[in-house]
S.K.: 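The structure is given below, and queries will be raised subsequently.
Below, all heavy atoms of this structure are taken into account, side chains as well, without hydrogens, waters or symmetry copies.
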Amino acid sequence: MSGPDPLRIVIVGAGVSGSGVAAGLVRAGAAGGLSAVVDLVDPRPSLGAGLTYAPGGDPRHRVNVPSIRMAAATGRTGEEGAEEDFHRWCLERGVLEADPAGWSEGLHYPARSEFGRYLDERLRSLFAAAGPVRVTHRRDRAVAAHRRGTSHGTGFVVEMAGGTATEADALVLCTGNPPPELPGVLAALGGHPRVVTDPWAPGALDGVARGDRVLIVGTGLTMGDVVATLLGRGHRGPLTALSRHGLVPRPRPAGATSWTDFTADPSTRVSGLLRRVRAAVAAARRAGRPWTDVLESLRLQNGALWSALPFDERRRFQRHLRVWWDVHRFQAAPQVARLVGEAQADGRLAVLTGRLVAASAEEDGGSGGGGLWVVHRPRGGDGLVGRGYDALVNCTGAGHGAAFGRNALLAGLAAQGLIRPDRLGLGIEVDGRGRALDAAGLPVPGLFVVGPPTRGSLGEVVGASEIVPHALAVAEALTGLRRDRPPPG
């Protein structure tokens, strides 16, 4: 007597989020809890890396967590030795010996591309092993999905850019961060040959000449990577970074340990949470502990703290405190922080605080596209400052506002009422189990979202250390779909 047909699951996106879900399903199958056929849909050649850790990236771009603490999307969370698996891989592959510049205070911060290479190797091995869960990496792009009856009941039909379609009992959206978009004042410069809208696009900085006067809009982690790339290529022109607060990421300390419990009586107001955090930092200082121990507590507890905040308080946090959270939470690898600091000290990089007011391009009639004129209002001042630049690089982060309009799959699902934007405009609204909410606010059976698109609903789900547990929880929920399905007939 044969068992039930395997569950058919389509996962859109094979970065840390999607590969983490697939790895969790494989582990569940090995434990005897699931039989499934999984299509992992992503046109990129590598697994797990996504855009952040893509192999072949600039070796100056480093993970901001030491190798011995880097979380992996291989479904082994909680297993003995799992947390050190990347470090062991680095030792086995000679990564640490080949990269002496990666060492800082006895810890190694490898190139992000090495972490991508590690994920791809480990995941391919995991998915190739025989078992009740079979994962296939489909190098294609999902462009549409429709709610429809399938051979197992209600499910989805997912259409690919290559012209094929596949049935799915469950669909998991792991689309990551949407591509950057130029902020409003700069929108008119879109398409200009001297304006880099997406610094992560292949060869994005190749058109920046060594002597160019470069304006970098945004002062977060991406700014540090752009500075590292340009200076590493021998750039000698002046670099200017501009943001509303002029905040650059804090350097990553040698280690941090969670120290404070904010969840026992979680604050329902941002002001109350902020007071508690400041008091905890002061207490930590008196105890001889670094402020990063308090931040580590916030990082680990952020989901519970976010869920305790009403929507108006979440919106208040987004408007007034998000930039401060980001600059402390997303710390720079010591090497990048040191490079940025040295470039500021010797005058190669100026960090300005202000708001963009106007921007225009000068036409020169040639292939260079002309110069750029950008006007900003310094923070706290009434006057305007206008300066000329030869190139502009947008480092303002993901283009959350245009995510639905620029992604055909998401736009189509929204048009059917199967998903909706969260009210902060950061991504897709989900419930606490990662299930997409439809236009009426009800969870859609079999439709899940993992990773950065859930940020508005679940809190900080951006770094690998937050994404992996969420991915594994969704994998567990998918395993439950088979257990909950009534027998046919």
S.K.: Looking at residues at least two apart in the chain, or sitting in another chain, which of them share a ring-ring contact (aromatic ring centres under 6.0 Å, His included) with His108?
M.R.: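 Expected list: Trp103.
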S.K.: Kindly write out the residues that satisfy ring-ring contact (aromatic ring centres under 6.0 Å, His included) with His328, not counting sequence neighbours, or none if the list is empty.
M.R.: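 Applying ring-ring contact (aromatic ring centres under 6.0 Å, His included) to His328 gives Trp291.
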S.K.: With sequence neighbours left out, what residues match Glu429 under salt bridge (charged side-chain N to carboxylate O under 4.0 Å, His left out)?
M.R.: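 Glu429: salt bridge (charged side-chain N to carboxylate O under 4.0 Å, His left out) contacts with Arg420.
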S.K.: Of all residues at least two apart in sequence or in a different chain, which pass the ring-ring contact (aromatic ring centres under 6.0 Å, His included) check with Trp306?
M.R.: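 Expected list: Phe317.
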S.K.: The test is salt bridge (Lys or Arg N to Asp or Glu O under 4.0 Å); show your working for Asp85 and Arg88 and say whether it passes.
M.R.: CA-CA 5 Å; Asp85 189 55; Arg88 285 196 299 271; 3.4 Å; yes
S.K.: Side chain to side chain contact (heavy atoms under 4.5 Å, CB included) with Val450: which of Val461, Val21, Val468?
M.R.: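 Answer after filtering Val461, Val21, Val468: Val21.
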S.K.: Kindly state each residue pair satisfying salt bridge (Lys or Arg N to Asp or Glu O under 4.0 Å) with at least one member in residues 440-452, sequence neighbours excluded.
M.R.: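 Residue pairs passing salt bridge (Lys or Arg N to Asp or Glu O under 4.0 Å), neighbours aside: none found.
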S.K.: My understanding is that only residues two or more places apart in sequence, or in another chain, count here; which of them pass salt bridge (charged side-chain N to carboxylate O under 4.0 Å, His left out) with Asp58?
M.R.: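 Applying salt bridge (charged side-chain N to carboxylate O under 4.0 Å, His left out) to Asp58 gives Arg60.
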S.K.: Using only atom types and a distance under 3.5 Å, with no angle test, would you say the side chain of Asp42 pairs donor to acceptor with the backbone of His137?
M.R.: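 Checked: no pair found.
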S.K.: Applying ring-ring contact (aromatic ring centres under 6.0 Å, His included), name anything that partners Tyr53, two or more places apart in sequence or on another chain.
M.R.: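 Tyr53 satisfies ring-ring contact (aromatic ring centres under 6.0 Å, His included) with Phe115 only.
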S.K.: With sequence neighbours left out, write down each residue that passes side-chain contact (heavy atoms from CB on, under 4.5 Å) with Pro443, or none if nothing qualifies.
M.R.: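 Counting only residues at least two positions away or on another chain, Pro443 forms a side-chain contact (heavy atoms from CB on, under 4.5 Å) with Asp431, Arg435, Leu437.
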S.K.: Using atom types as modelled and distance alone, determine if a side-chain donor or acceptor of Thr136 lies under 3.5 Å from a backbone N or O of Asp39.
M.R.: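 Pair absent, no side-chain N/O of Thr136 close to backbone of Asp39.
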S.K.: Tell me every residue that passes salt bridge (charged side-chain N to carboxylate O under 4.0 Å, His left out) with Arg423, counting only those two or more places apart in sequence or in another chain.
M.R.: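 Testing Arg423 for salt bridge (charged side-chain N to carboxylate O under 4.0 Å, His left out), a comparison that skips the adjacent residues, returns none.
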S.K.: Is a salt bridge present between Arg148 and Glu167, judged by a nitrogen-to-oxygen distance below 4.0 Å?
M.R.: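 Salt bridge flag = no for Glu167 with Arg148.
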S.K.: Using the six-membered ring wherever Trp is involved, compare the ring planes of Tyr118 and Trp89 and label them parallel, tilted or perpendicular (cut-offs 30° and 60°).
M.R.: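 Correct class here is perpendicular.
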S.K.: For Ser465 and Arg299, test the side chains for any donor-to-acceptor distance below 3.5 angstrom and give the result as yes or no.
M.R.: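 Yes.
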S.K.: When you look at CD of Glu92, are more than 12 heavy atoms from neighbouring residues, nucleotides or ligands closer to it than 6.0 Å?
M.R.: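 Enclosed.
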S.K.: Residues in salt bridge (charged side-chain N to carboxylate O under 4.0 Å, His left out) with Asp293, at least two apart?
M.R.: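 Partners of Asp293 under the salt bridge (charged side-chain N to carboxylate O under 4.0 Å, His left out) test: Arg289.
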S.K.: Partners of Thr52 by side-chain contact (heavy atoms from CB on, under 4.5 Å), sequence neighbours excluded?
M.R.: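 So Thr52 forms a side-chain contact (heavy atoms from CB on, under 4.5 Å) with Arg112.
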S.K.: Side chain to side chain donor-acceptor pair (under 3.5 Å): which pairs involve residues 455-464, sequence neighbours left out?
M.R.: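 For residues 455-464: Arg322-Glu460, Trp325-Glu460, Asp326-Arg455, Arg455-Glu460.
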